[in-house]
Amino acid sequence: MLQVNFLRENKEMVIEGFRKRNFSDENLLIIDSIISLDDERKSIQKSLDDKLSISNQTAAKIGQLLKNGEKLAAETAKADVSSLKTEISALEEKMRTIATELDNQMISLPNVPHESVAFGKTPEDNIVYQEWPTELPVLPETALPHWDLAKKYDIFDLELGTKITGAGFPVYRKKGARLQRALINFFIDQAVEQGFEEIIPPLMVNEASARGTGQIPDKEAQMYYVEKDDLYLIPTAEVPITNLYRDVILNEDQFPIKMTGYTPCFRREAGSYGAHVRGLNRVHQFDKVEIVVLEHPDRSYQTLQEMLKHVSSLMSKLELPYRILHLCGGDMGFASASTYDFEVYSAAQKRWLEVSSVSNFETFQANRLKLRYRDGSKKTQLAHTLNGSALALARIVAALIENNQTEEGILIPEALQPYTGFKILN
RNA sequence: GGAGAGAUGGCAGAGUGGUUUAAUGCGGCAGUCUUGAAAACUGUUGACUGUAACAGGUCCCGGGGUUCGAAUCCCUGUCUCUCCGCCA
C-alpha cells in the first residue's frame, strides 16, 4: 500500500507511473479524491483532538476537586463534560467513516512503477532484457513433450494425483521424485552459498500475514483457505518469510537481510484449465525455492540486479536456455515497482515457460508490514522488500526432461549429478 | 480436549479507579574520567499521529462496555505458561 503523504509529495511522478499501468484520466482522479479526503480527515482529527484535550483536563480537575472535598464544584464540572462527550462520539463516528473510505481508496491503488519500466498493455510489450543462448535448441521431430516422457520413464503421474486429491496435484515417483529432491537441494545450496539464510517456514499463514504481503485483498481467490482454523495455505514462501519481519524496526546496519526457503506452493488458479496448461505447465501444488531480501532503499535496485544474476547462474548451471523479460507497466503485478520474469525454453513444446519472477516492491509491502528501519537521524523509515523464485520446480522439470531427452534416456546436467546420484534418467 | 495462572516499553519487572507525561533494574546512546579500554559517575533512551516548530491526540495482547476519569473494573476473542489427557 502507498502512503497518502507520498501521493501528496510526488503527485506528478505518481500520475506518470499510473499512466504506465494504463490508468485513464478519469481513473487518475482518485488521487485528488484521496488527498481531499485526507485533508478532511486531518481537520476532523484536529477538532476531535481539541475536544479530547479539554475532556482530559476537566477529568483531571474533577479528581483534584474531589480530593479537596469540593463536591459541588466537581458535580458542575461533570455536567460540563457530558455535552462535550456527545460531540466527541459524533466526531469519532465521522472519523471512522472517513478513515474506512480513505483506506478503501488507498488499498485499491497499485504500486508506482519504477522509472525504468516501459509503457505497455500486454505481455507482448514486455522488453527482452537478456537471452541465453542466442540460438534455441531444436529437437528431432520424434521428441516427446514432458507428459509423454513422464509415462515413458514413470517419473510423475498426474492421474494418480487426481485419484487421491484432484486435478493439478502431481505424484512424483522413482527417479522423478529423486530429481525433484535433487533440484530443491541444489537451489538451496546455491542460495546459501550466496549468503542467503535458510528458512523453513510454516506452510499455512494467518490473515494478518496474507495481508502483509498483499495477497489479501488483491489475490485472495488464489489461495486455499482452511475455514475451520482461519488459515491460508501459502501460494509462495514469500508470504511466511517476508512476514517474519512484520512489525519490526531494523537498524540500518542490519541490511541487507537475505533469506531463502523451500516450500511447496498451493495455488487454486481458478478457471485456468485448458490446452496449454497440460502436464506440469500449471498445477495446484508445486515446489519452489524462494529468495527474499529486505534492503535499504538506496541499494534495493542494485540488489535486484544481484538477484537476477543469481537466478541467471542457476539457469546456466542447469544448462537451460532462458530469457529475461522486463515486464511492462500493463503486465506487472499490483504490488511490484519493477519485475523481471525468467522464462525457460521448453524445446519439445516449443514454448517459453515462466519459471521465476524477481521483483522489487520498494515500500509497498513494507508499509503494510510495518517493516521499518532507523536511519542516522533516529527517524523510522520504511524498508524495501524484494523477492524472486530461485527457482520454481515443476516447469524447470518439464523443460529439463524435454530438452535433454535422448535415445538412451534423459541426460542430467553436470551440476545436478551430485544431487541426483545418476547421470542419466532412464 | 480438561483444570489453573498469565499477557505492561529492546529485555526483566512494579503498578488493582484520579500528579502514570508507566516506578525500578538491565541493555542501548552521549558525556566525565583514561594513553586507550573497562569500571564508576552524570545525562539520555518506545511507536503512531500532528505542527514551520511547539502544543495537542492515540497506544499497557485484540475488540466491546462501565465511569467525569481505566494499564487498573466488567464482557468477549486470541495467544502463552503449568499440570493432566492424547500423540509423530
Side-chain angles (χ1 to χ4, degrees), chain A residues 1-9 34-103 105-107 200-212 216 225-232 240 243-255 257 294 363 365-383:
Chain A
M1 187 156 64
L2 298 172
Q3 297 176 108
V4 180
N5 282 341
F6 181 82
L7 294 187
R8 281 182 192 278
E9 288 157 22
I34 285 172
I35 290 174
S36 69
L37 206 54
D38 190 52
D39 287 338
E40 198 183 340
R41 197 211 87 230
K42 276 188 191 175
S43 87
I44 294 173
Q45 183 77 61
K46 177 86 176 77
S47 52
L48 175 60
D49 287 352
D50 288 347
K51 291 198 190 334
L52 281 172
S53 178
I54 295 170
S55 160
N56 287 344
Q57 284 169 32
T58 313
K61 199 173 80 187
I62 291 169
Q64 276 304 321
L65 290 173
L66 287 176
K67 202 178 246 175
N68 299 340
E70 300 179 48
K71 247 184 147 168
L72 202 68
E75 288 305 319
T76 317
K78 280 191 194 183
D80 290 347
V81 179
S82 71
S83 72
L84 196 61
K85 295 276 284 180
T86 50
E87 288 177 54
I88 286 174
S89 54
L91 282 172
E92 278 174 340
E93 179 57 35
K94 226 167 158 184
M95 273 300 288
R96 263 195 296 276
T97 315
I98 203 160
T100 306
E101 179 56 27
L102 190 59
D103 203 50
Q105 296 200 15
M106 282 306 290
I107 214 153
I200 300 181
L203 304 183
M204 291 196 258
V205 293
N206 56 29
E207 190 192 318
S209 294
R211 204 168 278 284
I216 294 177
Y225 174 57
V226 182
E227 190 170 7
K228 198 163 183 182
D229 299 285
D230 198 18
L231 294 171
Y232 297 86
N243 271 281
L244 296 177
Y245 286 86
R246 173 153 49 85
D247 290 320
V248 168
I249 300 177
L250 296 162
N251 286 320
E252 227 173 347
D253 59 14
Q254 287 177 269
F255 289 124
I257 292 179
L294 316 180
T363 60
Q365 287 184 329
N367 189 29
R368 290 194 191 181
L369 291 161
K370 303 225 182 318
L371 164 53
R372 291 161 291 174
Y373 69 94
R374 226 178 280 281
D375 68 11
S377 69
K378 275 196 66 185
K379 273 201 64 157
T380 60
Q381 306 279 356
L382 293 174

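So you know, we letter chains A, B, ... as the sequences are listed, proteins then strands, and number each from 1.
In this structure, the separation between CG on A/N251 and CZ on A/R374 is 7.0 Å, given to the nearest 0.5 Å. Taking CG from A/D229 and CG from A/N206, the interatomic distance works out to 12.0 Å, rounded to the nearest 0.5 Å. For the atom pair CZ (A/R372) and CG (A/N367), the distance works out to 9.5 Å, reported to the nearest 0.5 Å.
As judged by a 4.0 angstrom heavy-atom cut-off over every strand, A/L52 is placed among residues touching the sugar-phosphate backbone only. Using a 4.0 Å heavy-atom distance criterion, A/T58 is classed as making no nucleic acid contact. Using a 4.0 Å heavy-atom cutoff across all strands shown, A/S55 reaches no nucleic acid atom at all. Nucleic acid contact class of A/K61 (heavy atoms, under 4.0 Å, all strands): none. Residue contacts for A/K42: at a heavy-atom cut-off of 4.0 Å it reaches the sugar-phosphate backbone alone, with no base atom in range.
A/I44 has its CD1 atom 15 Å from the C1' atom of B/G57, to the nearest Å. Remark: P of B/G56 and CG of A/D50 are 11 Å apart, rounded to the nearest angstrom. Remark: C1' of B/G77 and CG of A/D229 are 15 Å apart, rounded to the nearest angstrom. Look at CD on A/Q57: it is 9 Å from C1' on B/G56, rounded to the nearest Å. In this structure, A/K46 atom NZ and B/U58 atom P are separated by 13 Å, rounded to whole Å. Rounded to whole angstrom, the span from the CG atom of A/L371 across to the P atom of B/C48 amounts to 13 Å. Atom CG in A/L382 sits roughly 12 Å away from atom C1' in B/C48 (whole-Å rounding). Taking atom CG of residue A/D247 and atom P of nucleotide B/G46, one finds them 19 Å apart after rounding to whole Å.
Relative to the side chain of A/T380, the nucleotides B/C68, B/U58, B/C48 differ in distance, and B/C48 lies closest. Set against B/A55, B/G57, B/C68, the side chain of A/N56 has B/G57 as its closest nucleotide. Side-chain atoms of A/A59 lie closest to B/G18 of the nucleotides B/C48, B/G56, B/G18. Picking from B/A47, B/U49, B/G69 the nucleotide with the shortest atom distance to the side chain of A/R41 gives B/U49. Checking B/A47, B/C68, B/G56 against the side-chain heavy atoms of A/S53 singles out B/G56 as nearest.
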Here RNA chain B, pairs taken as Watson-Crick or G-U under 3.5 Å and shown with ( ), [ ] when crossing and | when to another strand, reads ((((((((.[[[..)..(.....]]]((((((.......))))))((((......)))).[[[[[..)....]]]]])))))))....

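The separation of B/C29 from B/U76, taken at their P atoms, amounts to 47 Å, rounded to a whole angstrom. Between B/G9 and B/G56, the distance separating the two C1' atoms is 22 Å to the nearest Å. The gap from the C1' atom of B/A71 to that of B/U58 amounts to 15 Å, rounded to the nearest Å. For the P atoms, the distance linking B/A14 with B/C68 amounts to 33 Å, nearest Å. Taking the P atoms as reference points, B/U24 lies 12 Å from B/U45, given to the whole Å. The gap from the C1' atom of B/A55 to that of B/G50 amounts to 10 Å, rounded to the nearest Å. Between the P atoms of B/C48 and B/A38, the separation comes to 31 Å (whole Å). The C1' atoms of B/A53 and B/U66 are separated by 40 Å, rounded to the nearest whole Å.
A donor-acceptor contact under 3.5 angstrom links the side-chain atoms of A/D49 to the base of B/G56.
The nearest pair of heavy atoms linking A/G212 to A/N243 is CA-OD1, 4.1 Å. Closest approach of A/F255 to A/L250, counting heavy atoms only: CE2-CD1, 3.7 Å. Shown here for A/Q45 and A/M95, the closest heavy-atom pair between the two residues is OE1-CE, 2.9 Å.
Residue order along RNA chain B, read from the 5' end via each residue's closest nucleotide, puts A/G63 first among A/Q45 and A/G63. Annotation: of the two residues near RNA chain B, A/I249 and A/D38, the 5′-most nearest-nucleotide partner is A/I249.
Side-chain contact of A/D230 with A/Y225: a donor-acceptor pair under 3.5 Å is present, judged by distance alone.
In this structure a side-chain-to-backbone donor-acceptor pair under 3.5 Å is missing from A/S55 to A/K51.
Between A/R372 and the phosphate of B/C48, there is a side-chain N or O to OP1/OP2 separation shorter than 4.0 Å.
Under the 4.0 Å criterion applied to side-chain N and carboxylate O atoms, A/R41 and A/D103 are not assigned as salt-bridge partners.
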